2 protein chains.
Amino acid sequence: MSDLRASIVVIGDEILGGFVHDTNSHWLAGQLQTHGIPLDRVQTVPDTMAAIDEGLRMELGRSRPRLIMTSGGIGSTPDDLTMEAVAATLGRGLVVNEDIDHRITLALEWTAGTGATVTADHERAMRRMARVPEGTYLLQGARGVAPGVALDVDGGLADGGVTIVILPGIPGELKRIYSDGIVPELLAGVGTPQHVVEMTHGYPESSLNPVFDRLVAEFPDVHLGSYPGKQCTIRLKGERGKVEAAGAVVRAYLDELDDDPGANELKTAWAARWTD
Amino acid sequence: MSDLRASIVVIGDEILGGFVHDTNSHWLAGQLQTHGIPLDRVQTVPDTMAAIDEGLRMELGRSRPRLIMTSGGIGSTPDDLTMEAVAATLGRGLVVNEDIDHRITLALEWTAGTGATVTADHERAMRRMARVPEGTYLLQGARGVAPGVALDVDGGLADGGVTIVILPGIPGELKRIYSDGIVPELLAGVGTPQHVVEMTHGYPESSLNPVFDRLVAEFPDVHLGSYPGKQCTIRLKGERGKVEAAGAVVRAYLDELDDDPGANELKTAWAARWTD
């Protein structure tokens with residue numbers, strides 16, 4: 001399963017409205033990177049059935065095996081539509097998950113135990129959270145009433161298909177489920193860790209273009225990224241031996257620049273000019 | 001043009017790799033919200049022609065008039081492919097933009113003036129940044145060599161079509177171009193400012209479900225969001241009068257809870273239980 005790739009669908013009007021800064025997709029991207037699983041796309045979509053469906057279909061159509069993670073939209077309020085949307089996209093029914101229903105029963109008992117009135121309306125809204133697409137199973141690590149769950153399409157990851165993991169939007173819960181549920185239950189032994197070499201330099205990004213052209217030609221398997229700034233970052237990623245060799249080429253080029261009085265003048269001028 | 005809607009395509013392997021946390025889409029989302037322009041989707045895509053093309057086509061197919069903003073991938077290094085990708089998707093040629101080419105000439109003169117050697121390779125890589133899709137025009141506010149540009153599809157925003165704005169990934173430059181270029185040049189007089197009412201409360205989110213059901217039934221035009229936490233946030237958005245009326249219903253319900261000893265016990269227990 002070394003060719004496993006991932007997609008993320010973030011669900012939330014609050015993010016598209018600019019009210020909440022999504023941190024989940026960035027955190028998940030970093031975890032996948034560490035695990036050596038390439039992330040192909042992040043989509044942030046509104047809380048509507050049609051928008052979630054469009055995003056899911058797009059990701060379901062990509063290469064397999066594939067891990068699709070969703071974040072958000074699994075609470076008890078009317079704008080929480082992820083479960084319904086996943087079921088509709090897959091053409092599956094919604095069924096009551098007994099584990100989740102049991103958590104809800106305990107939560108309602110806890111609420112009643114505090115002295116609050118649990119109305120029929122309150123219970124109905126809470127029980128809504130137990131309805132999941134057919135075939136859904138609970139992942140470890142979820143302490144909340146709306147826990148992390150997964151479901152397999154075409155056999156799931158184990159059989160070269162797709163596993164959809166539905167995660168809560170609350171960052172602390174999402175992180176626990178990823179670490180305690182997804183990694184041991186779905187990703188054990190999976191992934192090809194990538195070797196990463198990062199270098200920074202104080203020259204304008206464009207000064208490095210000659211060596212970048214050389215890298216592209218000589219090291220086609222090494223993934224090159226260059227990120228401008230007062231201090232620019234160069235990131236090389238891929239198989240360790242090739243990344244080390246490509247990194248040595250860049251370091252030699254930077255040494256040349258450091259020995260060149262003209263290049264050093266440029267570096268000083270660039271630092272003085274940089275305003276942001 | 002009050003039905004103008006927006007999409008964002010963020011381009012960058014460094015974001016999907018978890019190395020860089022994209023802040024541009026969150027910032028743009030907030031600006032669009034303030035302007036009353038709904039944002040339909042954010043896609044974060046890798047630095048490949050095929051991935052950018054897929055994202056652009058998806059957003060070009062949505063309702064019009066539409067503003068599509070891209071962020072990133074317009075520098076001088078080999079991984080900067082946004083201009084080529086936009087041109088390919090639209091079936092337009094790449095042409096030299098004289099304004100950008102002039103900026104590059106000045107940048108090369110500045111580099112040479114510092115005492116650095118400007119090689120033919122260096123100049124060739126820099127000149128690459130002046131190649132833009134046919135019909136591209138410069139926006140105000142860009143101080144960099146790779147500035148913000150725009151191009152119109154089917155007449156652009158002014159004629160009910162699409163305007164694509166290509167923005168640099170560097171946050172400070174993107175913000176300047178949005179404020180100094182996009183707002184005055186493309187969005188003047190556009191947008192229907194939305195009224196937003198936010199309320200916070202210390203009850204479990206599910207305690208509010210009865211009033212949420214009432215809102216959905218009685219105020220179908222008011223957009224409701226509920227965001228759980230130790231302090232939950234309720235956000236109502238829409239036409240001012242309706243939002244105020246819906247907000248009054250929620251406030252009355254919260255007052256009822258505050259007067260209910262059982263509900264207050266629940267609030268205290270919830271605060272004590274909340275761990276994240």
Side-chain angles (χ1 to χ4, degrees), chain A residues 13-22 26 29-33 39-46 51 58 75-79 111 114-117 119 121-122 125-126 170 172-173 204-210 212-213 216 223-228 235 237 260-263 265-266 269 276, chain B residues 13-22 26 29-33 39-46 51 58 75-79 111 114-117 119 121-122 125-126 170 172-173 204-210 212-213 216 223-228 235 237 260-263 265-266 269 276:
Chain A
D13 289 339
E14 71 278 20
I15 297 161
L16 293 171
F19 296 109
V20 172
H21 190 180
D22 163 51
H26 173 59
Q31 298 297 311
L32 291 168
Q33 157 65 26
L39 173 61
D40 285 329
R41 211 175 203 87
V42 178
Q43 295 193 52
T44 307
V45 309
M58 198 164 168
S76 67
T77 55
D79 57 333
T111 300
T114 65
T117 309
T119 63
D121 277 351
H122 183 139
M126 289 285 283
I170 297 175
E173 294 188 23
E205 181 186 39
S206 57
S207 306
L208 276 288
N209 275 312
F212 291 159
D213 287 344
V216 169
H223 190 96
L224 162 69
S226 169
Y227 309 106
R235 187 174 299 117
K237 199 166 79 174
D260 177 345
E265 287 292 322
L266 174 62
D276 195 56
Chain B
D13 288 340
E14 70 278 22
I15 297 161
L16 292 171
F19 296 108
V20 173
H21 190 179
D22 163 51
H26 173 60
Q31 297 297 311
L32 291 168
Q33 157 65 26
L39 174 60
D40 286 329
R41 212 176 202 86
V42 177
Q43 294 192 52
T44 307
V45 309
M58 198 164 169
S76 67
T77 55
D79 57 334
T111 300
T114 66
T117 310
T119 63
D121 278 350
H122 183 138
M126 289 285 282
I170 297 176
E173 292 188 24
E205 182 187 39
S206 57
S207 306
L208 276 288
N209 275 312
F212 290 158
D213 287 344
V216 169
H223 190 97
L224 162 70
S226 169
Y227 309 107
R235 187 173 299 116
K237 198 167 79 173
D260 177 344
E265 287 292 322
L266 175 61
D276 194 58

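These numbers come from a predicted model, not from an experiment. Sequence lines set the chain letters: A, B, ... in the order given, protein chains first and strands last, and positions in each chain run from 1. The analysis underlying the following values was restricted to heavy atoms, covering all of them including side chains, and did not include hydrogens, waters or symmetry mates.
Of all the heavy atoms in A/T114 and B/E265, the pair that sits closest is O-CB, 2.6 Å. Minimum heavy-atom separation, A/D22 to B/H21: O-NE2, 3.2 Å. For B/S206 against A/M126, the heavy-atom pair with the smallest separation is CB-SD, 3.1 Å. Counting all heavy atoms, side chain and backbone alike, B/L16 lies closest to A/D40 at CD1-O, 3.7 Å.
Ranking B/G30, B/P228, B/A269 against chain A, the residue ahead of the rest is B/A269, based on heavy-atom pairs under 4.5 Å. Interface check for chain B: of the options A/D213, A/V216, A/D260, the most heavy-atom pairs under 4.5 Å are formed by A/D213.
Of the atoms belonging to B/A263, it is backbone heavy atoms, and not side-chain ones, that fall under 4.5 Å from chain A. Heavy-atom distances place the backbone of B/I15, and not its side chain, under 4.5 Å from chain A. Looking at B/R235, the atoms closer than 4.5 Å to chain A (heavy atoms on both sides) all sit in the side chain, from C-beta outward.
Remark: B/D13 pairs with A/H223, B/P46, B/D47 by the side-chain contact (heavy atoms from CB on, under 4.5 Å) rule, at least two apart or across chains. Annotation: side chain to side chain donor-acceptor pair (under 3.5 Å) contacts of A/Q33 (sequence neighbours excluded): A/K237.
The structure places CG of B/L208 at 10.0 Å from NE2 of A/H122, a figure rounded to the nearest 0.5 Å.
Taking 4.5 Å as the limit, every side-chain heavy atom of B/N209 sits out of range of all side-chain heavy atoms of A/D121.
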